[in-house]
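Notes for the one structure printed next.
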Amino acid sequence: MANARNPWTAVALVGPALLVILTCLVLPLFTLFRYSLNRFTPSELMTEALTAENYIKFFTEPYFLGVLGTTLFLATASTVLGIVLGFPFAYWLARTHTRWKSLIIIAVLFPLLVGNVVRAAGWTIFLARDGLLNALLVGLGLTTEPIQFMYTYGAVFIGLLSVVLPFVILTLLGVLEGIDFTLYDAARNLGAPPRTAFRRVILPLAIPGISAAAVVIFTIGMNSYATAIILGGAEFQMMAPAVYQQFALLSNWPFGAALAFILVSVTAIASIAASIVLARQNKTLTQLAER
Amino acid sequence: MTREALIDSGRIARFLLAAVIVFVFITLLTPVVLVVWASFFDSSFLSFPPPGYTLKWFAQAAEHGAFLRGFETSAKVAFGATCLGVFLGTAASLAIVRSGLPGMKLIQGMLLSPMIVPNIVIGIALYVFFIRIADGIGIDLTNGLWGLILAHTLLTIPWTVRLVCANLVGLNRSIEEAAANLGASPLRVFTRVTLPMMRSGVIAAALFSFIISFENLEVSLLLVQPGSTTFPIAVLQYLEFKMDPAVAAATTVQVLIVASALLISDRYVKLSRVV
């Protein structure tokens with residue numbers, strides 16, 4: 001056990017964990033994919049088949065395309081705003097020398113670990129008809145009747161934003177702390193104004209980190225379940241709740257499985273596309289910097 | 001640009017930065033602060049400002065069967081999944097970082113892969129798979145503790161691999177070499193030098209694994225049966241019905257558990273490096 005360099009020891013060490021992943025994740029995913037090609041009949045539920053009809057159904061029914069559209073829209077919006085807000089915050093945190101730094105990092109990490117259900121509960125207290133926001137608005141005389149904030153796009157959006165922000169900040173903090181800021185000082189000494197030095201030196205170095213963070217939080221937004229259910233309500237349809245619904249309420253496994261794989265694929269494709277765009281952006285920025 | 005314009009734009013930039021920082025703090029902390037605050041309200045529904053403060057909701061939440069049973073189930077599942085995941089993940093991390101065998105990067109990627117699969121899809125795939133097993137060999141994992149523990153091990157293995165690998169890479173090999181040169185057997189080097197040096201990484205992995213498993217909702221959704229749900233599912237079901245100080249009190253308990261785990265792990269690991 002002690003000598004991990006012995007190949008057999010290494011296999012014995014890594015084997016059990018790998019076996020768990022293969023049997024409890026990879027194999028079930030294959031099973032699920034196989035089921036997505038089966039046929040659903042109301043009487044027998046699932047019958048063996050090899051058909052693409054579940055996928056075709058998804059892409060021909062406006063309702064499900066709408067669900068995907070809502071999900072894509074909210075995931076994209078929270079990714080963009082997450083980066084726009086998270087980057088300056090992480091930049092400030094990376095450059096600051098306050099002794100509160102580790103406390104601030106804990107304050108960022110803490111909401112993440114508290115979990116999505118608790119955070120959604122907190123936003124409910126803020127946004128509900130008898131919640132804090134309405135009490136403030138009525139108290140200030142800005143409105144006489146409480147406003148319906150819950151079960152709207154806005155409620156889900158603010159919930160998602162608070163879910164993704166810790167991931168953006170902590171990912172970018174790691175990236176920004178790895179950047180050699182003497183390069184920035186050098187650019188400044190050579191006469192570049194702060195803005196130019198930032199845009200041509202720091203930003204190109206940070207772009208790979210930004211794109212990594214964007215992919216992570218976009219995926220989180222696409223897959224959000226608790227936030228959508230609690231802040232969006234039963235009527236609000238996003239992909240993850242829709243997948244669950246097909247299995248738990250409608251017992252339509254083939255279609256639910258197809259939904260699951262559409263969700264996974266669309267997320268992956270969008271992430272890859274975004275990375276390519278950002279990489280190209282990075283290339284232009286690098287060329288700019290070299291000029 | 002004139003000098004004045006430059007100074008002006010610098011001032012605007014600083015103001016914008018300050019505004020962003022304040023807004024981010026508010027967005028991050030509002031939900032947690034409100035949950036804790038509301039759990040002390042002396043009224044049976046939300047009302048701002050609260051008529052008074054009380055501790056009775058904590059007693060009320062403790063008497064609410066679903067929360068209590070959920071708490072018990074979640075604690076058991078998180079404990080089991082943490083033990084299993086940290087054991088398997090730590091062993092695997094040793095091989096990944098130390099063996100120098102080809103293909104270890106790929107294996108590490110495989111072990112981290114549950115992090116990128118949507119949790120709802122993990123839960124559903126396992127549910128479907130467990131039912132298939134039940135049909136095939138008659139072992140039903142869909143509504144017992146073991147099925148949940150196995151499912152949550154998919155969450156704890158990647159966190160352990162990530163944290164312990166990061167810790168192992170940073171360890172100084174020369175101390176182990178010194179021990180070996182001084183005549184310690186490989187087993188002795190491992191138990192007396194390597195393991196103690198890995199302590200901080202393993203403790204952090206255990207604490208994070210426990211938290212991640214305890215708060216996870218999506219993986220468990222289909223693997224529980226009515227009456228024996230996990231804590232987050234019990235809270236979700238209550239919230240779909242109503243929001244009041246009692247459910248705030250229940251979630252405050254979870255907030256406190258996470259806070260204490262976080263403060264303990266802060267002593268062992270650089271928290272900015274974990275995500």
Side-chain angles (χ1 to χ4, degrees), chain A residues 1-5 7 10 13-14 16-18 20-21 24-25 27-29 31-32 35 85 88-89 92 105-106 108-111 113-119 121-126 128 130-132 135 161-162 165 167 170-171 173-174 223 225-226 230 240 243-244 247-248 260 263-264, chain B residues 17 20-21 23-24 27-28 30-32 34-35 38 45-48 88-89 91-92 94-96 98-101 107 110-111 114 118 120-121 124-126 128-129 132 150 153-154 157 186-187 189-190 211 215 217-218 221-222 232 235-236 239 243 247 251 254-255 258 262 266 271-272 275:
Chain A
M1 171 136 193
N3 190 0
R5 287 194 158 277
L13 286 172
V14 86
L18 201 58
V20 171
I21 300 293
C24 292
L25 185 69
L27 200 56
L29 283 176
T31 312
L32 192 66
Y35 283 0
L85 294 173
F89 190 94
W92 164 73
I105 291 170
I106 291 181
V108 173
L109 186 60
F110 181 53
L113 292 175
V114 158
N116 296 345
V117 178
V118 175
R119 264 182 303 186
W123 284 117
T124 307
I125 298 171
F126 186 67
D130 46 5
L132 179 61
L161 187 64
S162 77
L165 272 174
F167 284 98
L170 294 172
T171 310
L173 183 64
N223 300 326
Y225 179 86
I230 297 171
V243 174
Y244 174 74
F247 279 88
L263 172 60
V264 173
Chain B
L17 179 64
V20 165
I21 291 167
F23 184 78
V24 168
T27 313
L28 287 175
T30 299
V32 185
L34 283 181
V35 159
F45 46 87
L46 292 177
S47 63
F48 291 93
L88 297 174
L94 270 171
I96 288 167
R98 292 290 174 85
S99 74
L101 290 179
I107 288 178
M110 288 282 300
L111 296 182
I120 195 93
V121 176
I124 284 167
L126 263 178
V128 162
F129 187 65
R132 212 176 167 177
L150 220 48
T153 304
L154 291 176
I157 286 178
L187 187 68
V189 173
F190 181 75
I211 296 174
E215 58 102 349
L217 169 83
E218 289 92 339
L221 273 173
L222 283 169
V235 172
L236 178 81
L239 279 175
M243 171 80 227
V247 67
T251 47
Q254 183 180 338
V255 169
V258 172
L262 202 53
D266 186 43
L271 285 174
S272 57
V275 171

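Numbers restart at 1 for each chain; the letters A, B, ... are given by sequence-line order, proteins then strands.
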Side-chain contact test, heavy atoms from C-beta onward, threshold under 4.5 Å: evaluate it for [X] versus [Y] and give yes or no.
X        : Y        : result
A/Ile21  : B/Pro114 : yes
B/Pro31  : A/Val118 : no
A/Phe110 : B/Leu28  : no
A/Thr31  : B/Arg132 : yes
A/Val108 : A/Leu165 : no

Under 4.5 Å from any heavy atom of chain A, what part of [X] do you find: side chain, backbone, both or neither?
X        : result
B/Leu111 : both
B/Val255 : both
B/Thr30  : side chain
B/Leu236 : both
B/Met110 : both
B/Leu17  : side chain
B/Leu34  : both
B/Ile21  : both

- Task: Go through A/Tyr225 and B/Leu221 one step at a time and tell me if the side chain to side chain contact (heavy atoms under 4.5 Å, CB included) criterion holds.
- Result: CA-CA 11 Å; A/Tyr225 179 86; B/Leu221 273 173; 3.4 Å; yes
What residue, out of [options], has the most heavy-atom pairs lying under 4.5 Å from chain A?
options                                : value
B/Thr27, B/Leu126, B/Thr251            : B/Thr27
B/Leu150, B/Ile211, B/Val235, B/Val247 : B/Ile211
B/Ile120, B/Ile124, B/Val20, B/Leu239  : B/Ile124

Tell me which of these, [options], has more heavy-atom pairs under 4.5 Å with chain B than the rest.
options                                : answer
A/Gly131, A/Pro111, A/Cys24, A/Pro16   : A/Cys24
A/Ile230, A/Leu113, A/Val117           : A/Leu113
A/Ala248, A/Gly122, A/Ala135, A/Ala260 : A/Gly122
A/Val243, A/Leu27, A/Val114            : A/Val114

- side chain to side chain contact (heavy atoms under 4.5 Å, CB included) between B/Val121 and A/Leu29: does it pass, once the steps are laid out? CA-CA 8 Å; B/Val121 176; A/Leu29 283 176; 3.8 Å; yes
- Steps toward side chain to side chain contact (heavy atoms under 4.5 Å, CB included) verdict (A/Val14, B/Leu101): CA-CA 11 Å; A/Val14 86; B/Leu101 290 179; over 6 Å; no
- Distance-minimising heavy-atom pair for B/Val35 and A/Ala121: CG2-C, 4.1 Å
- Item | Of B/Leu88, B/Ile107, B/Ile157, the residue whose pairing with A/Leu18 passes side-chain contact (heavy atoms from CB on, under 4.5 Å) |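 Of all the options given, the one that passes is B/Ile107.
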- Item | Contact origin within A/Trp123 toward chain B - heavy atom pairs under 4.5 Å |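 Interface part for A/Trp123: both.
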